[in-house]
Amino acid sequence: MCGIVGYTGRNSCVEILVDGLRRLEYRGYDSAGVAIQTGDDIVVRKARGKIVRLTDLIAKEPVSGTCGVGHTRWATHGRPSDENAHPHRAGRVAVIHNGIIENHRTLKERMLARGRAFCSETDTEVIAHLLDEYVSAGLTLEEAVRKAVAELRGSYAFLAVTDREPGTLVGARMNCPMVVGLGEGEFFLASDLTAFLSHTRDVLFLDDGEMVVATPAGVRITDFAGKARERSPQRIDWSPAMAEKGGYRHFMLKEIHEQPRAILDTLAGRMRPESGEVFFETLPLSLEQITSLKKVTLVACGTSWHAALVGKFMIEGLARIPVEVDLGSEYRYRDPVVEEGTLCVAISQSGETADTLAGMREAKAKGAISVSICNVVSSTIARESDGVVYTHAGPEIGVASTKAFITQLVALYLMALHLGRERRILTRREISLHLIDLSELPRKIEEFLKREPEVASIARIHKDARDFLYLGRGISYPIALEGALKLKEISYIHAEGYPAGEMKHGPIALIDERMPVLVLCAKGESYEKTLSNLEEAHARGGQVIAVATEGDTILREKVKDVIYIPSCGRYARPILEVVPMQLLAYHMAVLKGTDIDQPRNLAKSVTVE
Ligand code: AGP
């Protein structure tokens, strides 16, 4: 998730663009750049790192103009570097882009065959070359963009300028946000209105499949076929801070609601449900190595460790490889036995967690092949691993991990299917069914999020609880752990996640009428067993909250507070079950008035031991 901004008008645009980028920095902050039309040329200034590096560069090499674009990057394809920073210039055109061009490899091969030279590792640069081909062939920039969008696959919001049309900005949107700010003889285009809210509150929102052409004379919106689209301006009354959170009170809530998008982006270009195919381009494993794998060791900390526990069920169940799950802080000092044929998978949102990094280094030093699952491109763990699978959750600002966790589960599910396929454990048909289940998750989560008020009302009932017990069996047990961790992290209520089957061996002693007990009891392989555990907790007076599958009337009869989630397959279930956990913790914390995005004593990335 990058930040894009464009301006055309009568004012000098450099400061306007840079100020816009500062306000968009929460979307991505590993490199930034601008492209400014100056007379009959385009001048690009871009640099790796925070916006300040860009402003230093512009101070050293000033540039001015009244039309231009700016970008702040969250790397997905190509590590953070000056070359990979946007804007990307190709001949007469410069482009900035937010999103993922899924067919960038095919397009790039075609252009390379036509003798074009690429300067970056990004997917975006293909757009610049595509547009330059058409503009150089005499098309207007608008016509060029219209031809290009017919060839692009994936998600994008991009803006383009050309040295041939001073003052003209052209943009296109598909699955990524774009909004137009309306001024007097000046217009702003951006990925969200945070970028220009200090200049205007009158905006037009673009829909998927739409283009915008802006000049100081005005703005036109059309569909991709060129048909005009009328749009009435909306007046925005948000504060810039609210805009950064997209109108949500906290980044955490915004990130919970971004999960459908995060899953779509993480699945993008990696699967073909109809043919039962999974594509994992960055796994450093030959077929021979995959078939001779003896063990998979998953190493992680905190919430990522909970993802690893779910990953064990997925990889053992779908690829039939023994899996060991270890906490980084323990594994690094345990002198673990690492046999030949061991794959170590380090899971980390930030890619900088010291204990996970040390754990992976330990396994590598003992001969394991290392793969990392990371959300931050080119982070240390990603760079040091032999191969990396990036989760495309976008920047996660809230300290309590939500969307990154869900995309880790999606990446582990895809990895298990890939290993299962390569080891001839799974048929294409079986994989196809799993991929269909996965691809339905964004819609199901979107559906479930509409039930947020129900979860908020359950939070109100338990807001004064001093302790909280979370129970789950099998693949839901790690989600019970995650639910408890979320509550601890942001509401400071003592909470414990426990395997439901273990309850009789101790924690049942904790249960009385003051103890809320959340039981993950969705339909599946351990439903009956979990139901009896729920009844045991109920019988001791526990305030039971059940998470159940839609249509399950049995639980409605037994328990007053039931949170219903859509039905789905076994390995997709934890991905759905965690959403009510996140919302419950969030609403409990809102009632407690804690600092939800930056809870006390915690850091987003623990880079020390
Ligand atoms: C989760 O909400 C916490 N922020 C924390 O437990 C986190 O998961 C842990 O520090 C690991 O971080 P990583 O995924 O960036 O390695």
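- When all heavy atoms of P177 and A157 are compared, the pair lying nearest together is O-CB, 3.5 Å.
- In this structure a side-chain-to-backbone donor-acceptor pair under 3.5 Å is missing from S372 to C374.
- Remark: the H434 side chain and the Y571 side chain contain no N/O donor-acceptor pair separated by less than 3.5 Å.
- Of the possible polar contacts, none joining the T549 side chain to the S567 backbone as a donor-acceptor pair under 3.5 Å is found.
- Both tests pass for K523 against the ring of Y527: distance under 6.0 Å to the centre and angle within 45° of the axis.
- A side-chain N or O of Q259 and one of Q582 form a donor-acceptor pair less than 3.5 Å apart.
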Derivation and outcome, side-chain hydrogen bond (donor to acceptor under 3.5 Å, both in side chains), residues S401 and E396: CA-CA 7 Å; S401 182; E396 190 172 66; 2.9 Å; yes
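- Looking at residues two or more places apart in sequence or on another chain, you find no salt bridge (charged side-chain N to carboxylate O under 4.0 Å, His left out) involving R423.
- Neither side chain, N98 nor S191, offers a donor N or O lying under 3.5 Å from an acceptor on the other.
- Inspection of the S605 and E352 side chains reveals no N or O donor paired with an N or O acceptor under 3.5 Å.
- In this structure, R600 satisfies the cation-pi test against Y492, with its NZ or CZ atom closer than 6.0 Å to the six-membered ring centre and inside 45 degrees of the ring normal.
- For the residue pair H306 and Q408, no side-chain donor N or O sits within less than 3.5 Å of a side-chain acceptor on the partner.
- Taking the six-membered ring where the residue is Trp, the centroids of Y586 and H250 are separated by under 6.0 Å.
- The 12-atom threshold is exceeded at CZ of R334, counting heavy atoms of other residues, nucleotides or ligands nearer than 6.0 Å.
- Within 6.0 Å of the CD atom in E274, the count of heavy atoms belonging to other residues, nucleotides or ligands exceeds 12.
- The salt bridge (Lys or Arg N to Asp or Glu O under 4.0 Å) analysis of residues 466-488, with sequence neighbours excluded, yields the pairs E482-K486, K486-E489.
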S457 vs E454, side-chain hydrogen bond (donor to acceptor under 3.5 Å, both in side chains): CA-CA, chis, key distance, verdict: CA-CA 5 Å; S457 60; E454 291 172 33; over 6 Å; no
